[in-house]
Amino acid sequence: MRLIDIAISSLTDKLKEMYPLSEKAVSLAIEAFRNSVDLNAEVYHLAEQLRGIHHEVSRLMTEIIARFQPVASDLRYIRACGEISYGFYRYGRYAYDITTAISLFGDVKSCDWEKIDKASEQVRTMMKMSMEAFEKRDISLAREVIKMDDGIDRLYREYLREIITGNGDKRCDLARLLVMRYLERIGDHATAIAESVLFIVTGP
Amino acid sequence: MGDTLLRAPTDRRYRLKKIWDRWVPFILSLGLFFAILTVVALLFTVVTTGFHRISWNLILNYPSANPYEAGMRSAILGSIFTVGLSALICIPLSIATAIYLIEYAKGRRFSEVLSYNIANLAGVPSIVFGVVGLGFLVYGLGLGRSVISGAFTLSVLILPLVTITCVEALRTVPDDLRFGAYALGATTLQVVSKIVLPRSLPMMLTGGILGISRALGEAAPILVISGLIFIREDPVSLFSKFTVMPLQLYNWISRPQAAFIELSSAGIIVLLLILLALNSAAIASRQWLMKRVI
Amino acid sequence: MEIDYKKVVSKDVTDLGLFKDSDVVIKTEDLYVSYRDKLAIDRINLEFYKGYITAIIGPSGCGKSTLLRSLNRMNDLIQGAKVGGKVYFNGVDIYSKEIDPVFIRSRIGMVFQRPNPFPFSVFENVAFGLRVNGFKLTKEELRARVKDSLEKAALWDEVKDRLDAHAYSLSGGQQQRLCIARAIAIEPEVILLDEPTVSLDPLSTAKIEELLRSIKNDYTIILVTHNMLQAARVSDITAVMMPDENMVGRIIEYGATSEIFTKPKDKRTEDYISGRIG
């Protein structure tokens, strides 16, 4: 085993540690929002944890570059790890942002969440698939994620048009729009992760 | 452009340089040429005068007044006894001295002084050793004009030569090996016996055999110690009277009869053959040991 | 052999404070060495920890090797060398009168710049240290010990069929690993390495670096190298040595390797490791 492999595997471990945390943060935040439960503290804790690990990953990357002078696939992998870790960190951050709005909106349980549930289901699938693509270095899976992102974007735009033209309840519209907006952002980061997987496997 | 670089310059200085380059080796080899010429001339004279006189008589018979019966049995045995004994004394002594100088006392002032003196000793004329041996061994210690006195004198004579070779042999052992052994917790004695000696022994033995060859050819100190040239009995003990081959040859050469001159030439051939055999043995043993140790 | 990668790079080796819990095996106090009255290194105060690799880096001629040799009394063998100050090995000053340097060297092994196997067979090379140190071993025990040492030195697979072959028939990298096996065989506590890969090709170098990482938990390893990238790759702790204006080598920085190579505190360290000087 090369010395750099030892270092890289500890980098990979950090990412594997991050994913469940970010997954949990996003699920918790969306559930809490639509059920109007204040989970701000709990999600904040997760987001902070993710931020800490992301910081750790950056430090580790710098150290690996300084100590082992990675080249070729090693270098691509390390750069991609930075990208992916940032994505996980952003997941946590958006989850936290969602929960901060809960108390502001008050009770939104009775709104119609059907479209949002559909979009959230899709985004969470993208998160899961992109992680799986990373773990298995599966480029076809990664390409699928990228394709799915178009769907989310389309959903987002459709919904936006619907709100602008329609005249529903303002509170419900805004609440759903907010969540939709964050889901779209999260989907973007899942796409970035999928692109990183392509970068690892095929290069720039 | 390209071909101007490849074309040799043609000016005078360049041509002169080329000529010098070609002829210098010939000029330098002139010295070697003269040396070889001398040896060949010498061998030619010796072989043409003495070759037909080589016979078993020469080796098996005692010296005699009759040149056709005379042999050098006593001288050959005397040479073998004294020189062999001197090698037995000298080689262990030289190895011990060299080990002390290089492995134990290295860098000390005392060792440096000692080294200088050993080198000086190698330059002392051999007759001086003979005279010292006569005074100290023959009369001083009362050993008489015996094999043992001759052996001691010869061993002291070749001691510097052999010691210097032994020192050189130890110096050829890389310090890396010594340090490697020291770093494993070996004592100096272990380093010497397990690492240094096995590696330097071939070269030491070569030095020893070169010393023996030198001792075989020495006449002057033995002339002083033994005093005898004409002996008709074998040396049987350490205290026997003895003579050696160079003395026997000297004796024959100084006789007026032409037959004795021829005999001495034959004797020279025998002596040269023995020396040649010893040197070959030195080379062969070195090769053999080297293969085993390295 | 399983490698504890957590110890290689992770936050537990970024701060030197974290080493303080491990055993200090060698500690120098105001150590200095002079050659024929000319000071070579001065005021060396270092601690070396069990289970970690400490690298000593610095430009050529700054006294790295001199420092290393004074840790197992190899300087005794260098003419004109004089050592002052203290070197504590498990709390005992190795330069005090009642200490036998031969014993010290059997506890603190050393590997040199150029591979220097003895002119014996592979087996005898490894057994040499056991023999000279008077280990009482049966034939089977000896064989087992030799095998174990060669395995630790990652050489066993390559030489198991030719233990009787002459050591000189091995390649340079194999010879150097043989020298490491030879040092390991007598179970020293400390292994000193004086630029062990300077004469080797990159592949052999990588093998030796990996082997050092794989054995480090059982030993205190001190590695002198003027290849700072090697120090970066292999070591946990780095000491940077630099000659002062009188060409006397001194330690200018000492800390966790991950720190030294990402944010050195001393400007001279920064300049040296980034290739601006030296």
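No hydrogens, no waters, no symmetry mates; every other heavy atom, side chains included, goes into these values. Here is how names work: the chains are called A, B, and so on, in the same order as the sequence lines, proteins then strands, and each is numbered from 1.
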(Q) So for atom CZ, which belongs to C:Arg107, do other residues, nucleotides or ligands contribute more than 12 heavy atoms lying within a distance under 6.0 Å? (A) yes

(Q) How about OH on A:Tyr44, more than 12 heavy atoms from neighbouring residues, nucleotides or ligands closer than 6.0 Å, or not? (A) no

Q: Step through the shown structure and confirm whether more than 12 heavy atoms of other residues, nucleotides or ligands are within 6.0 Å of CZ on C:Arg250.
A: yes

Q: Of all the heavy-atom pairs spanning A:Arg67 and C:Ser235, show the shortest one and how long it is.
A: NH2-O, 2.6 Å

(Q) Quick check for you: to the nearest 0.5 Å, what is the distance between A:Ile64 atom CD1 and C:Thr262 atom OG1? (A) 12.0 Å

Tabulate below the donor-acceptor pairs under 3.5 Å that side-chain atoms of residues 68-92 of chain A make, not counting sequence neighbours, or state none.
from    : atom 1 : to       : atom 2 : distance (Å)
A:Gln69 : NE2    : A:Ala66  : O      : 2.9
A:Asp74 : OD1    : A:Arg2   : NH2    : 3.2
A:Asp74 : OD2    : A:Arg2   : NH1    : 3.0
A:Asp74 : OD2    : A:Arg2   : NH2    : 3.3
A:Arg76 : NE     : A:Phe199 : O      : 3.1
A:Arg76 : NE     : A:Ile200 : O      : 3.2
A:Arg76 : NH2    : A:Ile200 : O      : 2.9
A:Tyr77 : OH     : A:Thr12  : OG1    : 2.7
A:Ser85 : OG     : A:His54  : ND1    : 2.6

Q) Side chain of C:Arg233, backbone of A:Ile4: donor and acceptor closer than 3.5 Å? A) no

